[in-house]
Undergrad: 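Before I ask anything, here is the structure I am working with.
Quick caveat, the model's predicted, so the values are computed rather than measured. Only heavy atoms go into these numbers, but all of them, side chains included; no hydrogens, no water, no symmetry mates.
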Amino acid sequence: MAIYFGTETTDKLDAYEEGSWTPAISGGSGTSHNQQYGRYTKIGRLVVVSARIQFSCSGSSGNSLSVGGLPFSSASGTGENYTSGGITYCNLSLDANRFHPYVGDGQNRVFFYEMNSGAGVNISGSFSNKYLGFSAHYFST
């Protein structure tokens, strides 16, 4: 089924999909989780993802936090991919209070960067039984 926006065949939207994806967390040595849930909706090239992750490990890391396993790779090239998103819930010990998710060009991973400085966000302290929830949108290839 397709939706037409006007009378031209080029004004047709014929790509809609939704489903689940498996978030793969990075940022700590031996990082593991009790729960990981991901959902997505794809309309044309626009992909909207959300995820909720509960960690099951303790320790600390100075590595930048990221989540891989996105259902579609992002577009590459000048002006091809713009991304945005928000943190829905986070009780992790991080080295930043204000940060946001970002999907770079040609990536299948969400990175987290501090607002204003652009530095990568690092996990610090214990993260056992802590949660991270986020949503992001980006353009696929």
Side-chain angles (χ1 to χ4, degrees), residues 1-6 8-141:
M1 182 168 148
I3 299 172
Y4 290 89
F5 298 96
E8 301 293 321
T9 58
T10 58
D11 297 330
K12 179 174 77 170
L13 175 63
D14 61 358
Y16 178 89
E17 181 180 339
E18 55 184 39
S20 61
W21 63 286
T22 304
I25 194 81
S26 293
S29 57
T31 304
S32 58
H33 45 75
N34 286 331
Q35 301 173 2
Q36 59 183 34
Y37 304 105
R39 299 287 304 159
Y40 73 88
T41 301
K42 184 174 187 263
I43 304 168
R45 292 181 51 222
L46 176 65
V47 181
V48 179
V49 295
S50 62
R52 180 176 183 263
I53 301 163
Q54 180 191 26
F55 294 83
S56 65
C57 50
S58 61
S60 63
S61 172
N63 297 324
S64 293
L65 176 64
S66 68
V67 176
L70 291 175
F72 304 95
S73 293
S74 64
S76 298
T78 305
E80 284 295 312
N81 187 44
Y82 296 96
T83 187
S84 184
I87 305 303
T88 57
Y89 183 77
C90 181
N91 67 349
L92 291 170
S93 297
L94 302 172
D95 65 356
N97 291 327
R98 297 175 3 130
F99 62 99
H100 60 90
Y102 176 76
V103 181
D105 288 352
Q107 296 288 322
N108 67 349
R109 174 170 297 283
V110 177
F111 297 91
F112 297 89
Y113 292 103
E114 288 184 54
M115 295 175 121
N116 300 326
S117 77
V121 174
N122 298 317
I123 297 174
S124 60
S126 175
F127 41 95
S128 181
N129 294 315
K130 305 288 182 159
Y131 289 89
L132 171 66
F134 67 90
S135 62
H137 62 270
Y138 63 96
F139 290 102
S140 65
T141 54

Undergrad: Quick one: pull up OG in S84 and NE2 in H137 and give me the separation to the nearest 0.5 Å.
TA: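 Here the interatomic distance stands at 4.5 Å.
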Undergrad: I'd like to check the side chain to side chain donor-acceptor pair (under 3.5 Å) partners of Y113; sequence neighbours left out, ordered by chain and number.
TA: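 Applying side chain to side chain donor-acceptor pair (under 3.5 Å) to Y113 gives none.
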Undergrad: Ignoring hydrogens, what is the shortest heavy-atom contact between V47 and S140? Give both atom names and the distance.
TA: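 Closest approach of V47 to S140, heavy atoms only: CG2-CB, 3.8 Å.
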Undergrad: A side-chain contact here means heavy atoms from C-beta on lying under 4.5 Å apart; do R109 and V67 qualify?
TA: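 In short, these two side chains do not touch, never coming nearer than 4.5 Å.
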Undergrad: How far apart are the closest heavy atoms of S74 and G106, and which atoms are they?
TA: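 Nearest pair, atom of S74 first, then G106: OG-N, 3.0 Å.
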Undergrad: Any chance you could measure Y138, atom OH, to N108, atom CG, to the nearest 0.5 Å?
TA: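 Answer for the OH-CG pair, Y138 versus N108, is 8.0 Å.
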Undergrad: For residues F139 and L46, determine if any side-chain heavy atom of one lies less than 4.5 Å from a side-chain heavy atom of the other.
TA: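 Side-chain contact under 4.5 Å: yes.
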Undergrad: Give a yes or no answer on whether the side chain of K42 reaches the backbone of G44 with a donor-acceptor pair at less than 3.5 Å.
TA: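 Answer holds: yes.
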Undergrad: Considering only heavy atoms from C-beta outward, does the side chain of V110 approach that of S66 to under 4.5 Å?
TA: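 Counting from C-beta outward, V110 and S66 never come under 4.5 Å.
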Undergrad: With a 4.5 Å limit on heavy-atom distance, are the side chains of P101 and I87 in contact?
TA: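 Contact flag for P101/I87 side chains = yes.
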Undergrad: Can you find a heavy atom in the side chain of M115 that is under 4.5 Å from one in the side chain of F99?
TA: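 When only atoms from C-beta onward are counted, F99 and M115 do not touch, as no gap falls below 4.5 Å.
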Undergrad: Please report whether the ring centroid of F112 lies less than 6.0 Å from that of F134.
TA: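 Yes, the ring centres sit under 6.0 Å apart.
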Undergrad: Strictly distance-based, threshold 3.5 Å: is any side-chain N or O of T88 a donor or acceptor partner for the main-chain N or O of G133?
TA: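 Yes, because the side chain of T88 sits within donor-acceptor range (under 3.5 Å) of the backbone of G133.
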Undergrad: For the CG atom of L132 and the CD atom of Q36, what is their distance to the nearest 0.5 Å?
TA: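 It comes to 12.0 Å.
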Undergrad: Between side-chain atoms of residues 15-25 and protein atoms elsewhere (two or more places apart, or another chain), which donor-acceptor pairs fall under 3.5 Å?
TA:
from, atom 1, to, atom 2, distance (Å)
Y16, OH, E18, OE1, 2.6
E17, OE2, Y40, OH, 2.6
W21, NE1, R39, O, 3.2
W21, NE1, S50, O, 3.3

Undergrad: Atom CD in Q35, atom CD1 in I53: separation rounded to 0.5 Å?
TA: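 These two atoms lie 10.5 Å from each other.
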Undergrad: Who passes salt bridge (Lys or Arg N to Asp or Glu O under 4.0 Å) against R45, sequence neighbours left out?
TA: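 By the salt bridge (Lys or Arg N to Asp or Glu O under 4.0 Å) rule, R45 matches E80.
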